[in-house]
K.L.:
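Here it is, the structure, as structure tokens.
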Amino acid sequence: MDSLTFAIMNNLLQEVENSKAEINNFSTTDKNPAEVFRIQFLGSKGLIKSLMGEMKNVPAENRREMGQVLNDLKLFAENKYEELKKTSDNGQETTGSEVDLSLPGEALPLGSRHPISIVRNKIISIFQRLGFAVAEGPEIEDDWHNFTALNLPENHPARDMQDTFYVSQNPDWMLRTHTSSVQVREMKKGKLPIRIICPGRVYRNETISARAHCFFHQVEGLYIASDVSFADLKQTLYFFVQEMFGNTIKVRFRPSYFPFTEPSAEMDITCLICGGTGCNVCKHTGWVEILGCGMVHPKVLENCGIDSNKYSGFAFGMGIERITMLKYQIKDLRLFSENDLRFLKQFTSAV
């Protein structure tokens, strides 16, 4: 053993002896001496841990011998700790707790459901009463399920990087822009008739503002069977609106265009802010759009392997944020994702 190794070993052995004496003579006036001892000697920043860290300076051929010495010291400290836990200052058995267990516990604050969750569950409940089942799918989709199967042409603006978050390209994978992709997956299964709603989060590359966000939530519905008509669609949505907003609400349908439905329409309801008299929210028209809908395009049915001569169907889609803002008269979309407890506590009674 050279002189350097001898000095390292000798210093470490001396520290071990000093530590053993310090452990043996430990005393404190604290009410919980065992905890004080544990922190000082056995804690993550305690004396034993510090000595163990010095093993890196011990030559490899001497580490086994020194490791045994340090383990003996650790056992010595642990035995001392167990003695301190069992005995109090007067040498009698202690309960280890000075808490009065007969006192009543502290009340925990009552939380609440998020307003988006409240409205989502309400929408699901309404359509389940009409026989609609809930279907879900992945949030990362391929081009076929998200665009092509839904009759969106290759040059459609929604396919641009400015409108869609792409995960990869060639082949194209993206964050889904609507839950219509779930409808495609259900139609591909070929189990007819189909009567489903598809709730979930969707993503679009939009500037965040009081009226828009880069992610939001949708509920889309699909009904495919023999002899489904636009009248079935209208009566289904009339029922939904009355259950969600009340029997006095007025409804209107406006012709529109969507690549995946034909004919297509947008559905408006009386502005809940002004009661239909006109305000900034409804742009002084007295009406607010809540959803888009229409009869499923025959080409979409054929893309999914469904005979369009035998079957027909309707589809609709709505933003849950839009319904929530109207129902609770919330004027800023960003409040839903800011986690402001002052905002969320307003919905405690709505759980």
Side-chain angles (χ1 to χ4, degrees), residues 114 116-117 119-120 123-124 132-192 194 196-222 224 256-262 264 266 291-294 296-306 308 313 315-324 333-339:
H114 195 280
I116 295 295
S117 297
V119 173
R120 176 184 182 273
I123 294 172
I124 291 174
F132 285 79
V134 176
E136 296 181 331
E139 294 187 6
I140 298 178
E141 275 291 6
D142 58 33
D143 178 89
W144 193 86
H145 287 92
N146 199 78
F147 293 130
T148 304
L150 294 165
N151 198 32
L152 274 80
E154 291 185 4
N155 60 350
H156 194 279
R159 293 176 181 261
D160 293 341
M161 294 290 291
Q162 291 82 3
D163 289 272
T164 300
F165 290 109
Y166 281 87
V167 177
S168 66
Q169 291 189 290
N170 298 320
D172 291 343
W173 286 86
M174 67 219 61
L175 299 179
R176 65 184 181 188
T177 59
H178 44 203
T179 57
S180 300
S181 57
V182 182
Q183 298 178 352
V184 173
R185 291 180 177 274
E186 291 298 316
M187 285 189 283
K188 284 289 292 181
K189 293 177 181 179
K191 297 179 180 179
L192 300 170
I194 299 173
I196 58 170
I197 55 172
C198 311
R201 184 185 289 121
V202 299
Y203 307 84
R204 294 180 187 175
N205 192 3
E206 297 186 10
T207 302
I208 298 174
S209 67
R211 288 289 176 270
H213 212 292
C214 60
F215 72 88
F216 56 98
H217 301 78
Q218 275 189 339
V219 171
E220 297 200 11
L222 176 69
I224 297 177
S256 186
Y257 167 76
F258 302 109
F260 31 81
T261 54
E262 180 60 39
S264 304
E266 293 183 0
L291 58 84
C293 60
V296 179
H297 198 292
K299 189 171 182 180
V300 174
L301 295 176
E302 298 293 342
N303 287 341
C304 297
I306 298 174
S308 60
F316 57 86
M318 68 187 81
I320 300 179
E321 279 83 350
R322 173 69 63 86
I323 304 297
T324 307
L333 188 73
R334 292 168 292 191
L335 289 170
F336 293 129
S337 55
E338 288 180 346
N339 294 327

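Note: hydrogens, waters and symmetry copies are ignored here, and every other heavy atom, side chains too, is used. In this text, all values refer to a predicted model and were calculated from it rather than measured experimentally.
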K.L.:
Any non-hydrogen side-chain atom of Val184 less than 4.5 Å from a side-chain atom of Cys304?
P.N.:
yes
K.L.:
Tell me whether the rings of Phe316 and Phe132 are parallel (<30°), tilted (30 to 60°) or perpendicular (>60°).
P.N.:
perpendicular
K.L.:
Is a side-chain donor or acceptor of Thr324 paired with a backbone partner of Val119 at a separation under 3.5 angstrom?
P.N.:
no
K.L.:
For residues Met174 and Asp143, determine if any side-chain heavy atom of one lies less than 4.5 Å from a side-chain heavy atom of the other.
P.N.:
yes
K.L.:
Ignoring hydrogens, what is the shortest heavy-atom contact between Ser209 and Leu333? Give both atom names and the distance.
P.N.:
O-CB, 4.2 Å
K.L.:
Rounded at 0.5 Å granularity, tell me how far CZ in Arg211 sits from CD in Glu206.
P.N.:
13.5 Å
K.L.:
What pair of heavy atoms forms the shortest contact from Arg201 to His217, and how long is it?
P.N.:
NE-NE2, 3.8 Å
K.L.:
Could you please spell out the steps behind the side chain to side chain contact (heavy atoms under 4.5 Å, CB included) verdict for Asn205 and Thr164?
P.N.:
CA-CA 5 Å; Asn205 192 3; Thr164 300; over 6 Å; no
K.L.:
Taking C-beta and beyond as the side chain, do Pro199 and Ile123 meet within less than 4.5 Å on heavy atoms?
P.N.:
no
K.L.:
For Val202 and Phe216, run side chain to side chain contact (heavy atoms under 4.5 Å, CB included): C-alpha distance rounded to whole Å, both residues' side-chain angles, the deciding distance at 0.1 Å, then the answer.
P.N.:
CA-CA 6 Å; Val202 299; Phe216 56 98; 3.4 Å; yes
K.L.:
Out of curiosity, Arg185 CZ to Ser180 OG, how far, rounded to the nearest 0.5 Å?
P.N.:
13.0 Å
K.L.:
Just how far is it from atom CG of Leu150 to atom NE2 of His297, taken to the nearest 0.5 Å?
P.N.:
11.5 Å
K.L.:
Is the Phe258 ring parallel, tilted or perpendicular to the Phe260 ring (thresholds 30°, 60°)?
P.N.:
parallel
K.L.:
With the side chain counted from C-beta on, respond yes when Val134 and Ile196 share a heavy-atom pair under 4.5 Å apart, and no when they do not.
P.N.:
no
K.L.:
Is there a donor-acceptor contact under 3.5 Å from the side chain of Glu266 to the main chain of Ser256?
P.N.:
no
K.L.:
So do Ile208 and Cys214 actually touch side chain to side chain, heavy atoms under 4.5 Å?
P.N.:
yes
K.L.:
Closest heavy-atom contact between Thr148 and Asn303?
P.N.:
O-ND2, 3.7 Å
K.L.:
Please test Thr177 against Asn146 for side chain to side chain contact (heavy atoms under 4.5 Å, CB included), starting from the C-alpha separation and ending with a verdict.
P.N.:
CA-CA 7 Å; Thr177 59; Asn146 199 78; 3.1 Å; yes
K.L.:
Over all heavy atoms of both residues, which pair between Ala315 and Leu222 is shortest? Give the atoms and the distance, please.
P.N.:
CB-CD1, 4.2 Å
K.L.:
Minimum heavy-atom separation for Ile323 and Met318, please, with both atom names.
P.N.:
CG1-SD, 4.0 Å
K.L.:
Using a 6.0 Å cut-off, check whether atom CD of Glu154 has over 12 heavy atoms from anything other than its own residue.
P.N.:
no
K.L.:
When rounded to the nearest 0.5 angstrom, what is the spacing between CD in Glu262 and OH in Tyr257?
P.N.:
8.5 Å
K.L.:
May I ask you to decide if Gly221's main-chain N or O and Gln183's side chain share a donor-acceptor pair within less than 3.5 Å?
P.N.:
yes
K.L.:
How many angstroms lie between atom SG of Cys198 and atom NE2 of His178, to the nearest 0.5 angstrom?
P.N.:
11.0 Å
K.L.:
Hey, does Arg176 have a side-chain heavy atom less than 4.5 Å from the side chain of Val182?
P.N.:
yes
K.L.:
When rounded to the nearest 0.5 angstrom, what distance separates CD1 in Ile306 from CG in Leu301?
P.N.:
5.5 Å
K.L.:
Between Glu302 and Lys299, does any NZ, NE, NH1 or NH2 come within less than 4.0 Å of an OD or OE carboxylate oxygen?
P.N.:
no
K.L.:
According to salt bridge (charged side-chain N to carboxylate O under 4.0 Å, His left out), who are the partners of Asp142, at least two apart in sequence or on a separate chain?
P.N.:
none
K.L.:
Would you check if the side chain of His213 reaches a backbone N or O of Arg334 as a donor-acceptor pair within less than 3.5 Å?
P.N.:
no
K.L.:
Ignoring hydrogens, what is the shortest heavy-atom contact between Pro153 and Arg159? Give both atom names and the distance.
P.N.:
O-NE, 2.8 Å
